[in-house]
Amino acid sequence: MSAVVNRDEVLADFQACTGIDDVGEALSHLEEANWDLLHAINRVLPPDTQALPSERHSAAATIFRSSPFLPMDQDPSESDRPVRRQTSAPSTTAADLNKRISNGSETSSDVEDLTESYPTEEDFFDHVDEPISRPEQTKYLIADNAVNETAGTVQFAENFVARYGDCHPMFFQGTLEEAFREATNKPARDRKLLALYLHHDGSVFSNVFCTQILCAESIVSYVANNFVVWGWDVTHESNRQLLLTSVQRTFGDTGIAQIRSFDQERYPVIFLVSRVRSQTEFTVITSNVSSQDDLLSQLINVVEAFKSQQVHDIKDEKEREARELVKREQDAAYEASLNADRAKDEAKRALEVQKQREEEEHLQQLAKVEAERASVARSLPPEPGIDCKDPVCSLKCRMPAGKVISRRFLRSNSIKVLFDFLFTEGYSRESYKFLTTYPKRDLTTLPDTSLMKDVFSVQDTLIVEER
């Protein structure tokens with residue numbers, strides 16, 4: 001084998017292995033690796049994703065037949081067009097070759113003639129005119145024209161599991177706004193970051209990123225502990241527009257400007273959203289991550305920064321809660337004081353109302369008594385004069401508090417006349433006792449028809465006492 005490697009062949013092999021179509025970029029990588037093909041490939045791709053240069057024809061045919069999606073520009077109507085059927089071909093990866101070189105069984109200079117040990121392009125295909133059966137096309141993660149966000153996220157989660165297996169991030173099923181509230185609308189100590197995983201099947205990195213990085217157990221576990229994950233597929237423009245509308249509604253102009261800036265080849269994208277000190281902050285992780293460790297490192301950096309700020313938020317929240325507690329206690333004390341004052345005022349008003357009512361009743365009673373007195377006074381027989389020829393009884397009435405009232409009565413009058421007279425003076429038999437001196441007795445116990453002459457002498461005394 002010639003020691004001098006044809007640089008055109010090395011360039012072609014490098015582009016076939018790495019998928020780098022830009023010649024200038026490919027030359028730059030090769031020159032940095034001093035035209036060592038394996039070194040250049042290892043610099044660009046993880047070892048377990050590399051393919052040998054000689055596999056470029058068979059790999060291309062295999063990928064076309066096994067990929068869950070037709071190329072973005074492939075007309076589905078061409079799926080039944082007759083194609084050449086692939087025959088058997090070696091399946092040696094660059095990682096295997098690297099191992100063989102390290103064991104001494106191969107040298108890097110052997111790469112030049114490696115393709116000579118494999119069938120030519122013509123050997124890969126035969127039976128030109130015989131059609132082949134294509135596997136049923138796998139669903140997009142979200143079908144075109146999703147009904148709404150909730151239906152889209154449910155479909156995304158189901159199809160993601162079907163495509164990539166059971167070890168995967170737990171995707172929130174609901175609107176983006178609901179996912180944001182789930183992550184942030186909590187006490188500071190319970191808040192999480194929101195991670196938007198945005199997928200595009202037109203990007204060559206999407207499947208590799210999901211299978212080899214995103215669905216790794218270490219990534220899934222770390223994300224579950226620190227993030228609320230919301231997934232969306234932007235392969236279809238209708239679903240991309242639905243995403244933009246939701247981002248505009250949830251995050252405003254800043255969020256939508258960043259989402260709009262992503263072109264197809266930057267996908268998949270992890271769009272991290274945090275809420276600290278009432279401010280929404282964004283961090284973008286694109287498909288240029290090189291390994292699980294690289295993604296995990298970036299996630300850890302974001303989470304540590306978030307938790308550092310979260311400490312301040314928790315402190316602020318505790319201080320705010322303490323202030324609010326004091327305020328609530330003050331408000332409660334003030335309300336209790338107001339209630340006590342209201343109770344006092346109501347009791348005072350009730351007492352005043354009762355007093356006023358009693359006064360009114362008293363006045364009404366007085367008015368009634370006065371009217372009755374006036375009526376009795378009008379019906380009372382006149383006092384006999386000094387020159388009266390009929391037998392007369394002169395009576396001294398000793399009232400409470402030492403007052404003395406004298407009056408003459410006909411001895412033929414009944415004692416009711418005496419009672420009526422005393423009533424007109426303000427002394428009713430219901431409230432007072434009318435007592436004779438000797439023998440001492442209460443006249444209010446006698447019938448009204450009793451005569452004065454049977455009770456009193458010509459001159460006598462009556463004692464009036466309160467009951």
Side-chain angles (χ1 to χ4, degrees), residues 328-467:
R328 287 195 300 270
E329 290 175 347
Q330 291 174 341
D331 291 344
Y334 178 70
E335 188 66 25
S337 176
L338 284 180
N339 291 335
D341 292 342
R342 290 192 197 101
K344 289 179 181 179
D345 292 341
E346 290 175 0
K348 184 179 179 180
R349 282 195 299 270
L351 185 61
E352 290 175 350
V353 169
Q354 182 180 359
K355 185 177 179 181
Q356 183 177 1
R357 185 172 58 250
E358 289 176 351
E359 288 177 354
E360 290 176 354
E361 291 176 353
H362 179 65
L363 291 174
Q364 290 174 0
Q365 185 66 24
L366 288 178
K368 180 180 179 182
V369 170
E370 287 298 327
E372 189 176 354
R373 283 177 184 169
S375 175
V376 170
R378 286 192 298 269
S379 65
L380 187 66
E383 182 180 4
I386 298 176
D387 57 350
C388 181
K389 303 299 182 179
D390 295 325
V392 174
C393 174
S394 297
L395 194 62
K396 288 184 178 182
C397 300
R398 298 186 181 277
M399 307 300 183
K403 182 180 179 181
V404 177
I405 300 176
S406 299
R407 191 181 190 281
R408 292 184 295 274
F409 297 90
L410 292 173
R411 288 177 62 80
S412 59
N413 290 148
S414 66
I415 62 173
K416 183 178 183 306
V417 176
L418 173 62
F419 293 160
D420 289 343
F421 168 74
L422 293 173
F423 178 71
T424 60
E425 295 293 330
Y427 303 96
S428 66
R429 71 174 82 182
E430 290 79 17
S431 301
Y432 295 88
K433 294 186 290 183
F434 306 141
L435 305 174
T436 59
T437 56
Y438 185 83
K440 190 173 183 178
R441 56 181 175 178
D442 185 2
L443 299 182
T444 60
T445 62
L446 299 177
D448 288 351
T449 57
S450 300
L451 299 176
M452 292 289 290
K453 65 182 180 178
D454 296 331
V455 178
F456 298 102
S457 60
V458 175
Q459 291 185 346
D460 214 333
T461 302
L462 180 69
I463 299 173
V464 178
E465 293 182 357
E466 290 188 23
R467 290 189 180 278

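Computed from heavy atoms alone, side chains included, the values below leave out hydrogens, waters and symmetry copies. Quantities reported herein were computed from a predicted structural model and do not represent experimental measurements.
For the residue pair Ser457 and Cys393, the shortest heavy atom distance occurs at O-SG, 2.9 Å. Annotation for Ser428 and Phe423: closest pair CB-CD1, 3.8 Å, computed over non-hydrogen atoms. The minimum heavy-atom distance between Ile405 and Met399, with the atom names listed, is CD1-CE, 3.5 Å. In terms of heavy atoms, Phe434 sits closest to Tyr427 at CZ-O, 3.7 Å.
Counting only heavy atoms from C-beta outward, the side chains of Arg429 and Leu443 never approach each other to under 4.5 Å. Arg411 has its side chain within reach of Val458: a pair of non-hydrogen atoms, C-beta onward, lies under 4.5 Å apart. For the pair Cys397/Leu422, a side-chain contact is recorded, criterion being any heavy-atom separation below 4.5 Å from C-beta on. Two residues are said to be in side-chain contact when any heavy atoms from C-beta on lie closer than 4.5 Å; Leu451 and Ser412 fail this criterion. Using a 4.5 Å cut-off on side-chain heavy atoms (C-beta onward), Val392 and Leu410 make contact. The shortest distance between side-chain heavy atoms of Asp442 and Arg467 falls below 4.5 Å. Using a 4.5 Å heavy-atom threshold, the side chains of Thr436 and Val455 count as touching.
Separation of atoms CG (Asp420) and OG (Ser375) is listed at 9.5 Å; rounding is to 0.5 Å. In this structure, the separation between OG1 on Thr449 and NZ on Lys416 is 11.5 Å, given to the nearest 0.5 Å. Atom CZ in Arg407 sits 9.5 Å away from atom CD in Glu425 (nearest 0.5 Å). One distance of note links CZ of Phe456 with OG1 of Thr437; it measures 8.5 Å at 0.5 Å rounding. To the nearest 0.5 Å, atoms CG (Asn339) and OH (Tyr334) are separated by 10.5 Å. Rounding to the nearest 0.5 Å places CZ of Arg398 at 14.0 Å from NZ of Lys403.
Within 6.0 Å of CD in Glu465 there are more than 12 heavy atoms belonging to other residues, nucleotides or ligands.
Listed by first and then second residue, the salt bridge (Lys or Arg N to Asp or Glu O under 4.0 Å) pairs that reach into residues 340-367 are Glu335-Arg342, sequence neighbours excluded. For residues 365-384, the salt bridge (Lys or Arg N to Asp or Glu O under 4.0 Å) pairs, not counting sequence neighbours, are Glu370-Arg373. Sorted by first and then second residue, the ring-ring contact (aromatic ring centres under 6.0 Å, His included) pairs with a member in residues 359-388 form an empty list; sequence neighbours excluded.
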Under the criterion side chain to side chain contact (heavy atoms under 4.5 Å, CB included), I'd like the reasoning laid out for Ile386 against Arg408: C-alpha separation, chi angles, the key distance, then a yes or no. CA-CA 9 Å; Ile386 298 176; Arg408 292 184 295 274; 3.9 Å; yes

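Test Leu395, Leu380, Asn413 against Phe421 for side-chain contact (heavy atoms from CB on, under 4.5 Å) and you get one pass: Leu380.
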